[in-house]
Amino acid sequence: MTLHLYDTATRSERAFTPLVAGKVGIYLCGATVQSSPHVGHMRSAVALDVLQRWLERSGNDVTLVRNVTDIDDKILAKAAENNEEWWARALRYEREFSHAYTALGVKYPAAEPRATGHIQQMVQLIQRIVDNGHGYEHEGSVYFDVRSLPDYGSLTNQALDDLTPATDSPAEHKRDPRDFALWKARKDSEPETASWDSPWGPGRPAWHIECSAMAKRYLGDEFDIHGGGLDLRFPHHENELAQSRAAGDRFARLWMHSAWVTQSGAKMSKSLGNGLLVSEVLDQYHPAALRLALAGVHYRSMLEYADSTLDDATATWARLSGFVLRASDRVGAPTAEQVWVAELPEAFVTAMDDDLSVPRAFAHIHETVRAGNAALTSGDDEAARSALLSVRAMLDVLGLDPASVQWRDDSSTTGALVALDSLVRADIEARSDARANKDWAAADAIRDRLAAANIVIEDSADGARWSLAADD
RNA sequence: GGUGGAGUGGCCGAGAGGCGAGGCAGCGGCCUGCAAAGCCGUAUACGUGGGUUCGAAUCCCAUCUCCACCUCCA
């Protein structure tokens, strides 16, 4: 079976074939950098990151472009509210998003274009739309003429007349109330730094146009996949598609949308103010646990975020990384190269090829971990080695290989940990002697004392090992 | 009103006509001096009412509830 992906435009799963064999161009709508990233924001990034890793693992060269929208109504409004420069605010939150992506092991995109760096491309695109008869100017602003494009609404199956007309903006100068802005004439209330020259006078780009312009610049007139959160389907993606088609571009061949993170069934949202900040979550939990929680649910299913969600993910992470650690100690750690070329179990491949069915893929990972643990117990090193390689290869596809550079615990090589290790080892030896003498009281006293210092002792046939207790 | 989704065991979550995915929690056991970790076993689950079928969580009809988008949102 080859990779099949669900396409929002056709509302069905389709076999995925890149425009150019072996090369995949992906555009992902990134952040509008107006405030701090919350858990929900990370979901589409992690979902597309898994897609990228799976495509690469399947032999493709992936070019993923994830934009930063650093100029829009909200950024200007919030900056004004807080008496700060809009561009300073935008950069501050752009950095927070970058940190969050990095913390979760999301690969760097090939390009991360900012809207403000592409005003020229947007102006050119708007000009083409106007020239083609799909846009019109009114007092320095330019609007998109939705009636002029027969298949407007095709992405989300909307009939123009059924849409509730927007009530938030004056419609008298629009040909149709659903017409949307391409270019906004400068307002005196807005800072001069948020204004650029254009054929229609000074102003700034409206929302939607930046993605059309930047996708074209980096990925061409036609590209493979466009992704984003579910809420972007309409109007954002519908309008992007309309703009690009109106300008004569073919645009995206397949549309992927990731679902919400919800709390008590309701969408996590900036405007609702119920967003769990990434920084808050990472204060309490290992970033791999957060990634695991986000990636572990199918990307098109709602992910209900409850108190137990991260606790569960933490336990799962401990189980996975614990196995990798124990197995590596016993049979040696495969190299990154060996992990990369290892053959993946068929059940795993089938699941991933079926619209990235990560939950099914995970079921197979757990089964392999169980087999690996059993092999460690029974002393079957060959089976343990095979399970270790397989588990790491599968987890690597999900960006969750515990022994990868991203997640490997290198702290044991720091001075403090080396010092601690020698102290704990002395205790472990003392306890071992006590146990040999059946002096259980002394042995337990040592273990209890270490436990009080958050150090966990685990006995095994190979001797005792210690670790710091997991954060929770 | 239009459009797109969802209702699965204590919880999280797959599946989509016939061997009860997987995880967490629980219970029983193995291992252990005791633990921890690990392993084995363990559940009259599929919103409701009808229907089709030898057989339905999966198909059909009806119905209830919830969510999202149509205003900014990943």
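Every chain is numbered from 1 and lettered A, B, ... according to where its sequence line falls, protein lines coming before strand lines.
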What are the atom names and distances for every N/O pair under 3.5 Å that joins the protein to nucleotides 24-32 of chain B?
{"residue": "C24(B)", "atom": "O2'", "partner": "D312(A)", "partner atom": "OD1", "Å": "3.1"}

Mind calculating the distance between [atom1] ([X]) and [atom2] ([N]) to the nearest angstrom?
X: F348(A); N: A21(B); atom1: CZ; atom2: C1'; result: 15 Å
X: E304(A); N: A68(B); atom1: CD; atom2: P; result: 12 Å
X: H237(A); N: U3(B); atom1: NE2; atom2: P; result: 21 Å
X: W255(A); N: G5(B); atom1: CH2; atom2: P; result: 17 Å
X: L376(A); N: C39(B); atom1: CG; atom2: P; result: 10 Å
X: M352(A); N: A21(B); atom1: CE; atom2: C1'; result: 16 Å
X: L230(A); N: A68(B); atom1: CG; atom2: P; result: 11 Å
X: R300(A); N: G13(B); atom1: CZ; atom2: P; result: 16 Å

So, is [X] near the phosphate of [N], with a side-chain N or O under 4.0 Å from OP1 or OP2?
X: K438(A); N: C34(B); value: no
X: Y6(A); N: G5(B); value: yes
X: H366(A); N: G22(B); value: no
X: T8(A); N: G4(B); value: no

When you check the side-chain N and O atoms of [X] and [Y], is any donor under 3.5 Å from an acceptor?
X: H237(A); Y: E240(A); result: yes
X: S244(A); Y: S212(A); result: yes
X: D70(A); Y: W86(A); result: no

Work out how far the [atom1] atom of [N] is from that of [M], and round it to whole angstrom.
N: C19(B); M: C30(B); atom1: P; answer: 33 Å
N: A43(B); M: G20(B); atom1: C1'; answer: 9 Å
N: C59(B); M: A25(B); atom1: P; answer: 33 Å
N: G18(B); M: U3(B); atom1: C1'; answer: 36 Å
N: U48(B); M: A6(B); atom1: C1'; answer: 16 Å
N: G51(B); M: U65(B); atom1: C1'; answer: 23 Å
N: G47(B); M: A36(B); atom1: C1'; answer: 42 Å

Notebook entry, point to check: Where does the angle between the aromatic ring planes of F223(A) and F251(A) fall among parallel (under 30°), tilted (30 to 60°) and perpendicular (over 60°)?
Noted result: perpendicular
Notebook entry, point to check: Do the rings of W255(A) and H226(A) sit parallel, tilted or perpendicular, given the 30° and 60° boundaries?
Noted result: parallel
Next item on the list: Have a look at I457(A) and say if it touches a base, only the backbone sugar-phosphate, or nothing, with a 4.0 Å heavy-atom cut-off.
Entry: base
Margin query: Tell me the closest heavy-atom pair linking R392(A) and A333(A), and the distance in Å.
Written below: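 Heavy atoms of R392(A) and A333(A) come nearest at NH1-CB, 4.4 Å.
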Check: Which heavy-atom pair separates I209(A) from P205(A) by the least distance, and what is that distance?
Finding: CG2-CB, 3.8 Å
Next item on the list: Answer with yes or no whether N157(A) presents, from its side chain, a donor or acceptor under 3.5 Å of a partner atom in the base of G2(B).
Entry: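 Result: no qualifying N/O pair found.
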Margin query: With hydrogens left out and only the distance checked, is there a donor-acceptor pair under 3.5 Å joining R447(A)'s side chain and the base of A35(B)?
Written below: yes
Check: So which one's nearest nucleotide on RNA chain B is more toward 5', M302(A) or D231(A)?
Finding: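 Result: M302(A).
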Notebook entry, point to check: Across all strands, who's sitting opposite G41(B) as a Watson-Crick or G-U wobble pair, both distances under 3.5 Å?
Noted result: C27(B)
SB check [X] [Y] (cutoff 4.0 Å):
X: E190(A); Y: R204(A); result: yes
X: D49(A); Y: R53(A); result: yes
X: E81(A); Y: K78(A); result: no

Note to self: Can you confirm if the NZ or CZ of R178(A) lies within 45° of the ring axis of F144(A) and under 6.0 Å from the centre of its six-membered ring?
What the structure shows: no
Expected rows: protein N/O vs nucleotides 16-18 of chain B N/O, under 3.5 Å:
none

